[in-house]
Amino acid sequence: MYGLWRPRVLGAWRVPSTGPVILAVNHSHGIDGPMLMGTAPRPVHFLIKKEAFVGPLDPFLRGIGQLKVDRSTADRKAITDALAVLAHGGVLGIFPEGTRGAGDFASLRAGLAYFAVRSGAPVVPVAVLGGADRRSRLTSAVPPLRSRVDVVFGDAFEAGDGSGRRTRKALDEATVRIQERLTAHLAAARRLTGR
């Protein structure tokens with residue numbers, strides 16, 4: 001990432017140095033996941049759509065510890081694999097909106113709350129900004145080479161209410177708490193970076 005673009009990483013010290021953690025990342029551009037993987041202070045295991053695991057990308061993604069997920073169903077293997085990453089003290093990266101979009105955390109899926117409440121792992125909000133500002137002349141899939149992309153880590157927080165409940169109501173309440181924290185972090189990151 002540092003050879004192709006000019007990432008500016010802010011707040012990486014906020015990521016706990018040990019133990020399980022979930023990085024909740026906004027997703028507005030295809031570069032967001034690779035940029036975070038290349039700049040995070042710890043190795044990150046992302047849940048990535050199964051359609052990306054084709055050709056030479058399949059062994060590469062598996063080799064760097066990425067997790068295949070079938071987004072059309074409740075993929076039990078992907079859920080088990082993601083919980084295993086957290087159980088072994090690893091870092092799980094999640095795009096809480098489920099797919100690329102505005103990247104504003106306006107519509108969260110329940111997966112992030114489930115993993116956070118079930119595992120007890122803290123959530124660190126991450127804003128990746130600048131990837132969608134301008135398009136490369138070669139391909140719209142990435143920003144122009146040597147352009148600046150900001151990666152801003154926020155303060156870790158617990159998604160659950162402390163009761164240990166994992167009911168549908170508890171997950172819905174956790175989703176609301178998560179959305180409030182992620183939205184506030186994104187606004188703060190935009191003010192900090194001027195984007």
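All values below were derived from every heavy atom in this structure, side-chain atoms included, with hydrogens, water molecules and symmetry-related copies excluded. Numbers here are sequence positions counted from 1.
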Smallest separation among heavy atoms of [X] and [Y], with atom names:
X: Ala116; Y: Val123; value: CB-CG2, 3.8 Å
X: Pro122; Y: Glu158; value: CB-OE2, 3.8 Å
X: Val54; Y: Glu51; value: CG1-O, 3.5 Å
X: Leu67; Y: Phe53; value: C-CZ, 3.9 Å
X: Ala127; Y: Asn26; value: CA-OD1, 3.4 Å
X: Phe157; Y: Pro125; value: CE2-CD, 3.9 Å

Taking side chain as C-beta onward, heavy atoms only, is [X] less than 4.5 Å from [Y]?
X: Phe153; Y: Pro41; answer: yes
X: Ile94; Y: Leu92; answer: yes
X: Arg118; Y: Leu83; answer: yes
X: Arg6; Y: Val149; answer: no
X: Leu86; Y: Ile22; answer: yes
X: Arg62; Y: Lys68; answer: yes
X: Val21; Y: Arg42; answer: yes

Counting only N and O atoms by type, is there a donor-acceptor contact under 3.5 Å from the side chain of [X] to the main-chain atoms of [Y]?
X: Arg8; Y: Asp150; value: no
X: His45; Y: Gly65; value: yes
X: Arg195; Y: Arg190; value: no

Is it possible for you to say whether [X] and [Y] belong to one hydrophobic cluster, with membership spreading through side-chain heavy-atom contacts below 4.5 Å?
X: Leu23; Y: Phe46; result: yes
X: Val126; Y: Leu10; result: no
X: Met35; Y: Phe60; result: yes
X: Val44; Y: Leu57; result: yes
X: Ile64; Y: Val91; result: yes

Check against side-chain contact (heavy atoms from CB on, under 4.5 Å), Val128 and Val25: CA-CA 7 Å; Val128 179; Val25 190; 3.8 Å; yes

Worked check of side-chain contact (heavy atoms from CB on, under 4.5 Å) between His185 and Asp155: CA-CA 9 Å; His185 171 67; Asp155 291 322; over 6 Å; no

Between Asp75 and Thr73: side-chain donor-acceptor atoms closer than 3.5 Å: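 Per modelled atom types, Asp75 and Thr73 side chains form no pair under 3.5 Å.
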
Full working for side-chain contact (heavy atoms from CB on, under 4.5 Å) between Phe95 and Leu112: CA-CA 8 Å; Phe95 296 118; Leu112 173 56; over 6 Å; no

Evaluation steps, side-chain contact (heavy atoms from CB on, under 4.5 Å), between Leu186 and Leu129: CA-CA 9 Å; Leu186 183 60; Leu129 304 170; 3.9 Å; yes

